[in-house]
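Within every chain, numbering begins at 1; the chains are lettered A, B, ... in the order of the sequence lines, protein sequences first and strands thereafter. Since this is a predicted model, take the numbers as computed values, not measurements.
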2 protein chains.
Amino acid sequence: MATGVGRRIGEPTVRRLSNYLRALQQARDAGYEHLSSEELARASGTTAAQVRKDLSALGSFGRRGLGYPVGELLEHLRRILGLDRRWNVALIGAGRIGTALFGYPEFRRRGFEIRHVFDVDPAKVGQAWGSVRVRHVDELEAALAQEPVEIAILAVPAAAAQTVAEKAARAGVHAVLNFAPVPLRLPPRVAVRNVNMTIELESLCFQLCNP
Amino acid sequence: MATGVGRRIGEPTVRRLSNYLRALQQARDAGYEHLSSEELARASGTTAAQVRKDLSALGSFGRRGLGYPVGELLEHLRRILGLDRRWNVALIGAGRIGTALFGYPEFRRRGFEIRHVFDVDPAKVGQAWGSVRVRHVDELEAALAQEPVEIAILAVPAAAAQTVAEKAARAGVHAVLNFAPVPLRLPPRVAVRNVNMTIELESLCFQLCNP
DNA sequence: TCCTGTGAAACGGTTCACAGCC
DNA sequence: GGCTGTGAACCGTTTCACAGGA
């Protein structure tokens, strides 16, 4: 097996692959040509066995006695994760979280290009954020018809999230990254992922209370 | 079994419990007295069987033929998750993400009180953020000695994260919520949870590329 | 009848241990 | 000797199906 993905890859695996990618990029910048599963594991916070399992499932190129070739594996991972291209993104919600996400340099570095920013606040609509102009959410469908995006980042209040998400889905978005603390109900053709900072804090509390 | 937690609760369960809590609060505000596992499941994005399994593990109070008593279950969950008290938090990193987190109203509403804000930027050090003053990271140990916190929220650049996290751990923090895209190595007595927005976006890409 | 509580089965992910190759 | 690749065992979680109480 040389190119394709072997068995179906689950969500935890994908997260780890992202981490491997980051570690590999660092290693390349540091001039390494090969990395052992042990080293990769340390750099990405997992175990060597896990690394080998993950990479072998991709039909990987590791050399016994030597390790994994940094450059080759890096390109392979980028391709598998779909990061060897540019992705267009719409940011919905120009509040505090939206602002932070817009300025997050990691996104652009990874090929995510924020093409649209929407909000409902009249004070924000019309502002120029870099090269994009903040538009009213009512213009969402028109804007996406003119310049489509694959991904919507949802950074709106919980009460508005479901409605806005549906609007985005109707406008042809294929994936939603949801920062609102509510579960979204969308047609299965739309991929959804939730980031809920409160839940993370609450999990920590639980761990503190139940050591 | 009336009060304690039955079998050990895993991380996915805790996340769902947080969601149940949110759904229950909404239901209470809407005047409901009982909620069936079916209704709870719909409101929190899971299945009825899952809800029953989760709640029965807490020695729950559900009544057959009727459902779960909203108020009672709500208090029970708050106690189990450790949310029936106030938690003191230090925010480390006063950049875009730090700013957004500081202003996130959900945190305070849930009992998380940001007592300290730290940064290294001389332009920020000294600013008054509400009732707290931004201090230099070098003052971290002194500040936490004077007014301790249980939790540190880390919103600093990747390169600084490990060092700052260690400093926080030495200063007596018990849990770290890490927004930097690097795995942290901390003594096991410190609970760590990572929020990595880039990884979430990358997972979405993968889903889009591998439908 | 409605709905919970729960053993049992199915599933998926992780760890182990070692065979195989350099 | 060093390190990868991988079947097998292990473990926690989810789903199923149904018994049992209101």
Side-chain angles (χ1 to χ4, degrees), chain A residues 1-2 4-20 23-24 27 32-70 72-73 76-77 183 203 206-207 210, chain B residues 1-2 4-20 23-24 27 32-70 72-73 76-77 183 203 206-207 210:
Chain A
M1 188 195 314
V5 173
R7 71 199 64 216
R8 204 108 213 100
I9 293 182
E11 195 210 307
T13 309
V14 175
R15 300 175 83 93
R16 286 195 305 268
L17 295 186
S18 290
N19 282 326
Y20 300 156
L24 286 165
Y32 288 89
E33 291 193 355
H34 292 269
L35 234 51
S36 72
S37 56
E38 186 62 44
E39 294 167 307
L40 251 176
R42 214 190 341 266
S44 14
T46 182
T47 67
Q50 188 71 74
V51 170
R52 291 202 299 276
K53 245 304 187 303
D54 288 340
L55 296 186
S56 85
L58 309 180
S60 97
F61 298 15
R63 310 235 171 103
R64 302 177 193 226
L66 200 79
Y68 297 88
V70 170
E72 211 171 322
L73 182 54
H76 199 61
L77 280 178
S203 296
F206 177 80
Q207 280 183 258
N210 303 266
Chain B
M1 191 194 312
V5 173
R7 72 197 63 215
R8 205 107 212 102
I9 293 181
E11 195 210 306
T13 310
V14 175
R15 301 176 83 93
R16 287 195 304 269
L17 295 186
S18 290
N19 282 326
Y20 301 156
L24 286 165
Y32 288 90
E33 291 193 355
H34 291 269
L35 235 51
S36 72
S37 55
E38 186 63 45
E39 296 167 306
L40 251 176
R42 214 190 342 267
S44 16
T46 182
T47 68
Q50 187 73 74
V51 170
R52 291 202 299 278
K53 245 308 195 279
D54 289 340
L55 296 185
S56 86
L58 309 180
S60 99
F61 300 14
R63 310 237 171 103
R64 303 177 193 228
L66 200 79
Y68 297 88
V70 171
E72 210 169 324
L73 183 54
H76 199 61
L77 280 178
S203 297
F206 177 79
Q207 279 184 257
N210 302 266

Practice problem: Could you state the atom-to-atom distance from NZ of A/Lys53 to P of D/dC10 in whole Å? | Solution: 15 Å
Quiz item: Roughly how many Å is it from CZ in A/Arg15 to C1' in C/dG13, rounded to a whole number?
Solution: 15 Å
Quiz prompt | Whole-Å gap separating P (C/dT4) and CZ (B/Arg63) | solution = 12 Å
Quiz prompt | A/Leu55 side chain near A/Leu73 side chain, heavy-atom distance below 4.5 Å | solution = yes
Self-check item: Backbone of A/Thr47 reached by a side-chain donor or acceptor of A/Gln50 within 3.5 Å
Solution: no
Quiz item: Of the candidate nucleotides C/dG5, C/dG13, D/dT14, which contains the atom at the shortest distance from the side chain of A/Pro12?
Solution: C/dG13
Practice problem: Rounded off to whole Å, could you give me the CG-to-C1' distance for the B/Leu66 and D/dA22 pair? | Solution: 8 Å
Practice problem: Would you indicate, yes or no, if C/dG13 has its OP1 or OP2 atom less than 4.0 angstrom from a side-chain nitrogen or oxygen of A/Thr13? | Solution: no
Practice problem: Flag the pair A/Thr46 / A/Asp54 as yes when at least one side-chain heavy-atom distance between them is below 4.5 Å, and no otherwise. | Solution: no
Quiz prompt | Value in whole Å for how far the P atom of D/dC3 lies from CZ of A/Arg42 | solution = 11 Å
Quiz item: If you check every side-chain atom of B/Arg64, which of C/dC21, D/dT14, D/dA19 has the closest atom?
Solution: D/dA19
Self-check item: Under 4.0 angstrom between B/Ser37 side-chain N/O and C/dC3 OP1 or OP2
Solution: no
Practice problem: Would you mind telling me which of C/dG5, D/dC16, D/dT6 lies closest to the side-chain atoms of B/Ala49? | Solution: D/dC16
Quiz item: Are any of the side-chain heavy atoms of A/Leu24 and A/Leu77 separated by less than 4.5 Å?
Solution: yes
Quiz item: Counting just side-chain N and O atoms, does B/Arg16 come under 4.0 Å of either OP1 or OP2 of D/dT14?
Solution: yes
Exercise. Please report, rounded to the nearest Å, how far the P atom of C/dC16 is from the CZ atom of A/Arg52.
Key: 11 Å
Quiz item: Between A/Thr46 and A/Gly65, who's closer to the 5' end of DNA chain C by nearest nucleotide?
Solution: A/Thr46
Quiz item: With sequence neighbours left out, what residues match A/Glu38 under salt bridge (Lys or Arg N to Asp or Glu O under 4.0 Å)?
Solution: none
Exercise. Send over the distance from B/Leu58 CG to C/dG5 P, rounded to a whole Å.
Key: 10 Å
Quiz item: What is the distance from CD of A/Gln50 to C1' of D/dC11, rounded to the nearest Å?
Solution: 14 Å
Quiz item: Does a side-chain N or O from A/Ser36 land closer than 4.0 Å to OP1 or OP2 of D/dG2, or not?
Solution: no
